[in-house]
> 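One structure, as structure tokens, below. Some questions next.
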Number of protein chains: 2
Amino acid sequence: MARKPSAADAPLRLDNQICFAVYSAAHAFNRVYKPLLDGLGLTYPQYLVMLVLWERDDVPVKDIGEKLFLDSGTLTPLLKRLEAAHLVKRSRSREDERQVLIALTPQGHALKEKARSVPQSILAASDCSVSELVAMKDGIVALRDRLNAVIGE
Amino acid sequence: MARKPSAADAPLRLDNQICFAVYSAAHAFNRVYKPLLDGLGLTYPQYLVMLVLWERDDVPVKDIGEKLFLDSGTLTPLLKRLEAAHLVKRSRSREDERQVLIALTPQGHALKEKARSVPQSILAASDCSVSELVAMKDGIVALRDRLNAVIGE
DNA sequence: TCACATTTAATTGTTCGCAATTGAATGTGC
DNA sequence: GCACATTCAATTGCGAACAATTAAATGTGA
């Protein structure tokens with residue numbers, strides 16, 4: 001029993017699952033990023049937060065969370081570590097005392113220049129044309145947004 | 001300064017990064033899976049381990065790790081939790097005492113039947129044709145394998 | 001104005017994920 | 001046969017990720 005591969009089992013086969021493809025690809029990206037980001041003193045989630053801040057500074061925690069799909073339980077300790085590394089400053093908003101505004105320090109701004117080489121290293125590791133990557137990215141983003149729509153009922 | 005979007009900044013823009021697409025899609029999948037897997041009493045990584053074992057039983061930890069791209073630091077505690085839930089049994093191999101063999105319990109085998117409805121729920125949430133998903137999955141797997149090849153020098 | 005709901009971060013506890021180390025078992029070269 | 005390297009799992013420590021709760025600030029309706 002359960003010796004010969006059954007057609008009924010096909011949906012449960014690991015190799016047939018797109019979610020495992022995505023899950024394992026995310027880990028593979030992380031492993032490629034690690035040596036690059038070690039040079040910046042950042043982890044990958046911290047790098048994502050810095051990407052957000054390099055686009056726009058002095059934003060509440062919630063805005064960062066909405067862009068990265070992360071909540072305060074993840075971001076609060078992460079931001080405290082970035083503050084301990086002197087890359088950001090956390091301060092209560094004066095208009096709304098509930099909000100904590102995240103601003104880059106001069107070191108945080110400066111790190112952007114060191115980070116410019118990262119994307120092209122990733123592109124090289126992907127060993128893939130830009131147009132292929134863009135097409136794949138657009139497909140994945142569309143899928144992600146449909147999944148997130150389901151979660152929001 | 002840094003007010004108007006600069007072309008030089010495009011590679012650092014969050015929305016341009018395929019890795020963030022993959023990262024955020026993985027989280028979105030996790031959130032869709034959660035309510036489904038709660039009914040099975042599994043987390044998503046535990047579900048992946050069960051998928052491996054439903055395909056082939058009585059395998060060393062290392063084999064599971066190779067299929068899922070996870071190491072013993074992740075798998076050992078996870079497998080202990082599955083054992084505490086009476087879904088697997090851990091035992092030292094008699095031929096090679098270094099190996100720990102993982103076997104399904106009757107409950108572990110039985111859970112497979114309850115899991116059969118999961119993939120179609122995910123498919124429904126994806127709101128996408130099977131052929132599109134397969135094409136996307138193949139593209140992501142190929143990318144993942146190229147990334148993993150870079151890591152292995 | 002005052003009770004009440006909402007918003008926002010922070011906190012707590014559990015589970016992953018991985019690097020680095022440890023220790024035991026096995027394989028090898030001489 | 002014996003020193004040595006390799007393999008494998010377990011352990012430790014740190015950083016996510018998230019659910020659930022707490023607490024403070026703000027908004028709203030009667």
Side-chain angles (χ1 to χ4, degrees), chain A residues 19-20 23-35 37-38 40-50 59-66 68-85 87-88 90-102 148 151, chain B residues 19-20 23-35 37-38 41-50 59-66 68-85 88 90-102 148 151:
Chain A
C19 50
F20 175 64
Y23 170 90
S24 53
H27 291 325
F29 267 120
N30 214 326
R31 286 190 285 268
V32 172
Y33 267 103
K34 181 149 201 328
L37 295 181
D38 279 350
L40 305 183
L42 296 173
T43 65
Y44 181 67
Q46 288 169 6
Y47 172 70
L48 290 180
V49 169
M50 294 302 285
V59 291
V61 174
K62 185 170 197 291
D63 285 22
I64 299 173
E66 278 173 2
L68 300 181
F69 306 97
L70 297 173
D71 66 9
S72 73
T74 300
L75 288 174
T76 295
L78 187 157
L79 289 166
K80 285 183 176 176
R81 282 187 282 271
L82 288 180
E83 186 171 46
L87 294 172
V88 307
R90 293 158 10 98
S91 60
R92 291 277 165 187
S93 165
R94 206 154 303 168
E95 301 93 54
D96 187 340
E97 287 278 345
R98 295 169 303 181
Q99 295 186 354
V100 169
L101 297 179
I102 308 299
N148 278 331
I151 295 158
Chain B
C19 51
F20 175 64
Y23 168 91
S24 53
H27 290 324
F29 266 120
N30 214 326
R31 286 190 285 267
V32 172
Y33 267 102
K34 180 145 204 329
L37 295 181
D38 280 349
L42 296 174
T43 64
Y44 181 68
Q46 290 169 4
Y47 171 71
L48 291 179
V49 169
M50 295 301 287
V59 291
V61 174
K62 187 170 196 291
D63 285 22
I64 300 173
E66 279 172 1
L68 300 181
F69 307 97
L70 297 174
D71 67 8
S72 72
T74 300
L75 288 174
T76 295
L78 187 155
L79 289 165
K80 286 184 176 176
R81 282 187 283 271
L82 287 180
E83 187 172 45
V88 307
R90 293 158 8 99
S91 60
R92 290 277 165 189
S93 165
R94 206 153 307 166
E95 301 93 54
D96 187 339
E97 288 279 346
R98 294 170 303 181
Q99 294 186 353
V100 169
L101 298 179
I102 308 299
N148 279 331
I151 295 159

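Residue numbering restarts at 1 for every chain, and letters A, B, ... go by the order of the sequence lines.
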> Rounded to whole Å, how long is the line connecting atom CZ of R81(A) with atom C1' of dG15(D)?
5 Å
> P60(A) near the nucleic acid: base, sugar-phosphate alone, or nothing, with a heavy-atom cut-off under 4.0 Å?
sugar-phosphate
> Which listed nucleotide (dA24(D), dA10(D), dA9(C)) is nearest to the side chain of T76(A)?
dA9(C)
> Within the structure shown, what part of the strands sits under 4.0 Å from L70(A) by heavy-atom distance: base, sugar-phosphate, or nothing?
sugar-phosphate
> Which heavy atom of L75(A) sits nearest to which heavy atom of V61(A), and what is that distance?
CD1-O, 3.8 Å
> Are the side chain of R92(B) and the backbone of V100(B) linked by a donor-acceptor contact shorter than 3.5 Å?
no
> Could you check which of dA24(D), dA9(D), dC16(C) has an atom nearest any side-chain atom of L78(B)?
dC16(C)
> Could you give the CD-to-C1' distance, from Q99(B) to dA25(C), as a whole number of Å?
10 Å
> What nucleotide among dC18(C), dT11(C), dA10(D) has an atom nearest to a side-chain atom of V100(B)?
dA10(D)
> Hey, does the side chain of N148(B) reach the backbone of I151(B) with a donor-acceptor pair shorter than 3.5 angstrom?
no
> Here's a test of your reading of the structure: between D63(A) and P77(B), which maps to the more 5' nucleotide of DNA chain C?
D63(A)
> Which is it for K80(B) and R90(B) under the side-chain contact (heavy atoms from CB on, under 4.5 Å) test, yes or no, and what are the steps along the way?
CA-CA 8 Å; K80(B) 286 184 176 176; R90(B) 293 158 8 99; 3.5 Å; yes
> Side chain of T74(A) only, heavy atoms from C-beta on: which candidate in dT8(C), dA16(D), dG17(C) is closest?
dA16(D)
> CZ of R92(A) versus P of dT26(D): gap in Å, rounded?
10 Å
> From dT8(C), dC18(C), dT11(C), pick the nucleotide closest to the side chain of K62(A)?
dT8(C)
> For the rings on Y23(B) and Y44(A), is their centre-to-centre separation under 6.0 Å?
yes
> Which sits closer to the 5' end of DNA chain C, K34(A) or G73(A), going by the nucleotide each is nearest to?
G73(A)
> Just checking N30(B): base, sugar-phosphate only, or nothing, at a heavy-atom cut-off of under 4.0 Å?
nothing
> To the nearest Å, give me how far apart CZ (R90(A)) and P (dA10(C)) are.
5 Å
> Round to a whole Å and report the spacing from CZ of F69(A) to C1' of dA19(D).
19 Å
> In whole angstroms, how far is the P atom of dA19(C) from the CG atom of D38(A)?
10 Å
> Specify the separation, in whole Å, of atom CD of Q46(B) and atom P of dG17(C).
10 Å
> Using a cut-off of 4.0 Å on non-hydrogen atoms, how would the nucleic acid contact of T43(B) be classed: base, sugar-phosphate, or nothing?
sugar-phosphate
> Identify the two heavy atoms, one from S72(A) and one from P77(A), that lie closest to each other, and give their separation to 0.1 Å.
O-CD, 4.0 Å
> Under 3.5 Å, is there any donor-acceptor pair linking the side chain of S72(A) to the base of dA10(C)?
yes
> Quick one: Y23(B) OH to dG15(D) P, roughly how many Å, whole number?
15 Å
> Look at K80(B) and dA9(D) and indicate whether a side-chain polar atom (N or O) is within less than 4.0 Å of OP1 or OP2.
no
